[in-house]
Amino acid sequence: MATIKDIANRLGVSVSTVSKGLNGASDISDELRQMVLDTAVEMGYATKRSKK
């Protein structure tokens, strides 16, 4: 199970950037947001809520 930190390391970005991408923040580009989302799916990321 991947974490936000794992995704950040894979993409070479900060944990906060990954968090913003996953939460749809408007201050990152659509391209980066999609890259975060695609990587999260690829790595099997699940939020703590969905793990329960």
Side-chain angles (χ1 to χ4, degrees):
M1 187 68 56
T3 65
I4 290 178
K5 188 173 182 179
D6 296 332
I7 297 167
N9 287 338
R10 164 88 57 95
L11 294 175
V13 298
S14 69
V15 170
S16 63
T17 299
V18 173
S19 179
K20 288 178 181 184
L22 293 171
N23 291 307
S26 61
D27 60 342
I28 66 169
S29 70
D30 290 337
E31 182 180 324
L32 181 55
R33 180 180 300 108
Q34 192 59 53
M35 194 181 311
V36 168
L37 293 173
D38 291 345
T39 303
V41 170
E42 176 186 321
M43 294 180 72
Y45 173 77
T47 62
K48 287 184 180 178
R49 260 185 262 174
S50 64
K51 288 180 187 175
K52 291 181 180 177

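The shortest non-hydrogen separation linking T17 to S14 is OG1-OG, 2.9 Å. Shortest non-hydrogen contact noted between D6 and M1 is OD2-O, 4.2 Å. Annotation for V18 and V36: closest pair O-CG1, 3.7 Å, computed over non-hydrogen atoms. Nearest heavy-atom pair across M43 and A2 is O-CB, 3.4 Å. Of all heavy-atom pairs spanning Y45 and L22, the tightest one is CE2-CD1, 3.6 Å.
Distance check: S16 OG to N23 CG gives 11.5 Å after rounding to the nearest 0.5 Å.
Under the 3.5 Å distance criterion, the side-chain polar atoms of T39 are matched with a main-chain donor or acceptor of M35.
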